[in-house]
Amino acid sequence: MSTTGTPRGPVDSSRVPRYAGPATFARLPRLDEVGHTDVAVVGVPFDSGVSYRPGARFGGNAIREASRLLRPYNPAQDAAPFALAQVADAGDIAVNPFDIGEAVATVEAAAGDLLATGARLMTLGGDHTVALPLLRAVARRHGPVALLHFDAHLDTWDTYFGAAYTHGTPFRRAVEEGVLDTSALSHVGIRGPLYGRRDLDDDEKMGFGIVTAADVLRRGVDEVTDQLRQRIGDRPLYVSVDIDVLDPAHAPGTGTPEAGGLTSRELLEILRGLAGCRLVSADLVEVAPAYDHAEITSVAASHTAYELTTLMARQIAGGDASE
Ligand SMILES: N=C(N)NCCCC(=O)O
Ligand SMILES: [Zn+2]
Ligand SMILES: [Zn+2]
């Protein structure tokens, strides 16, 4: 059940044109307007950890703009998420673009503060570096969590130019730090060239299972989702979505695009198939609007965040105590 009484929902788009006014996610209220929220949508405008094209610092606001067209009822999950639980936009975490270590610490502290209020997080990146401090904060509250990671890339590499905190390394650091439950780690959508066979060996040793983009094509969404659900079981679950899991045709606006990816339909369907999992928080990263066209990427991202917030709202309404 929502902890805030009757949730305050989005601005009514039949009364106030949806393109009017400043953008919050899905035209939801700001956190300061509701005081307390069950799900906090929070931006992390940070992209100092990228290895190729920059620009994901603008991702959160692009997703908010594209989310103006979302509607209150989600037929695919038969739920009105913003009536089931209070979902609010908590604004952006102000991170230092010139000091990655400080930025990581700032995200961890700010995420910890929001989680301490009992809210679950739907974080809008930002590059994938931010997953590490988010996982630290979530693990402090829930213990080591199961991870479902949608990405073209493993992001379990060790260092770049000797740097340990980058967008290609968050999940190796997370395993090293013990914030993940290594019996329930999955990548989905992996594809593209690697540095060597050893990347896969290392990844497997860390405990990850891989569903490649080709597996999704050959085995289909339902079979893949069943397998993922079995691995997750009833553990607290964190979902991390790098928008480059989608094919560049579905998400051109990203920093390290790889051919042969998932369709947005496949991604959304796998997420919908997670209903009933104990989703404690999620992130959506690597939207870089400067390379986007006609909001293709940010629309796909806004729908992805909508499915994730719907899953969280359903969990809350269903009385799952894991906040
Ligand atoms: N997390 C993202 N999007 N990309 C990681 C790519 C790392 C590399 O340049 O090898
Ligand atoms: Zn990626
Ligand atoms: Zn990534």
Side-chain angles (χ1 to χ4, degrees), residues 44-60 62-63 100 103-104 107 123-135 147-175 180 185-200 202-203 206 208 210-214 216 238-264 266-267 270 282-292 297-298 300-301 304-305 308:
V44 184
F46 171 86
D47 63 8
S48 307
V50 300
S51 55
Y52 198 48
R53 299 167 175 172
R57 65 181 61 182
F58 300 108
I63 297 166
I100 295 180
V104 165
V107 173
T123 306
L124 308 177
D127 76 48
H128 225 152
T129 311
V130 304
L132 175 65
L134 293 168
L135 283 166
L147 174 68
L148 185 49
H149 168 219
F150 293 89
D151 205 320
H153 309 100
L154 300 167
D155 289 355
T156 51
W157 286 292
D158 190 6
T159 58
Y160 289 85
F161 291 80
Y165 301 104
T166 79
H167 79 152
T169 58
F171 301 117
R172 182 183 290 243
R173 295 291 93 78
V175 170
L180 295 177
L185 307 180
S186 305
H187 304 292
V188 181
I190 299 298
R191 61 191 189 276
L194 299 171
Y195 297 95
R197 166 78 223 181
R198 188 173 157 195
D199 296 347
L200 295 171
D202 285 357
D203 191 80
M206 286 175 231
F208 281 92
I210 296 179
V211 176
T212 66
V216 176
Y238 186 91
V239 173
S240 184
V241 181
D242 182 329
I243 203 65
D244 72 28
V245 70
L246 299 181
D247 190 88
H250 293 258
T254 196
T256 46
E258 312 280 351
L262 272 58
T263 64
S264 45
E266 288 167 332
L267 172 62
I270 294 173
D283 67 54
L284 172 51
V285 298
E286 299 284 347
V287 172
Y291 316 101
D292 206 4
T297 312
S298 43
T304 302
L308 289 163

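Not measured: the values here are computed from a predicted model. Whatever order the structure lists them in is the order used to number ligands and atoms, beginning at 1.
- A distance-only check finds no donor-acceptor pair linking the side chain of D242 to the backbone of D151 [under 3.5 Å].
- Around the Zn ion (ligand 2), the protein N, O or S atoms found under 2.8 Å comprise D151 OD1, H153 ND1, D242 OD2, D244 OD1, D244 OD2.
- How far CZ of F208 is from CG of L154: 8.5 Å, rounded to the nearest 0.5 Å.
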side-chain contact (heavy atoms from CB on, under 4.5 Å) between H187 and T156, worked out: CA-CA 10 Å; H187 304 292; T156 51; 4.2 Å; yes
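- Under the side-chain contact (heavy atoms from CB on, under 4.5 Å) criterion, Y291 pairs with R53, P54, A288, not counting sequence neighbours.
- Rounding to the nearest 0.5 angstrom, the gap separating the NE2 atom in H149 from the CD1 atom in I190 is 6.0 Å.
- Near ligand 1, heavy-atom contacts under 4.0 Å come from S51, H128, H153, D155, W157, Y160, H167, Y195, D242, D244, T256, E286.
- The side-chain hydrogen bond (donor to acceptor under 3.5 Å, both in side chains) with W157 is formed by just one residue from the set T169, D199, D203; it is D199.
- Taking both residues in full, the closest heavy atoms of H128 and D283 are given as NE2-OD1, 4.2 Å, listed atom of the first, atom of the second, then distance.
- Listed for the D127 side chain is a donor-acceptor partner under 3.5 Å among the backbone atoms of G49.
- Within the structure, salt bridge (charged side-chain N to carboxylate O under 4.0 Å, His left out) contacts touching residues 153-163 (residues at least two apart or in different chains) are D158-R173.
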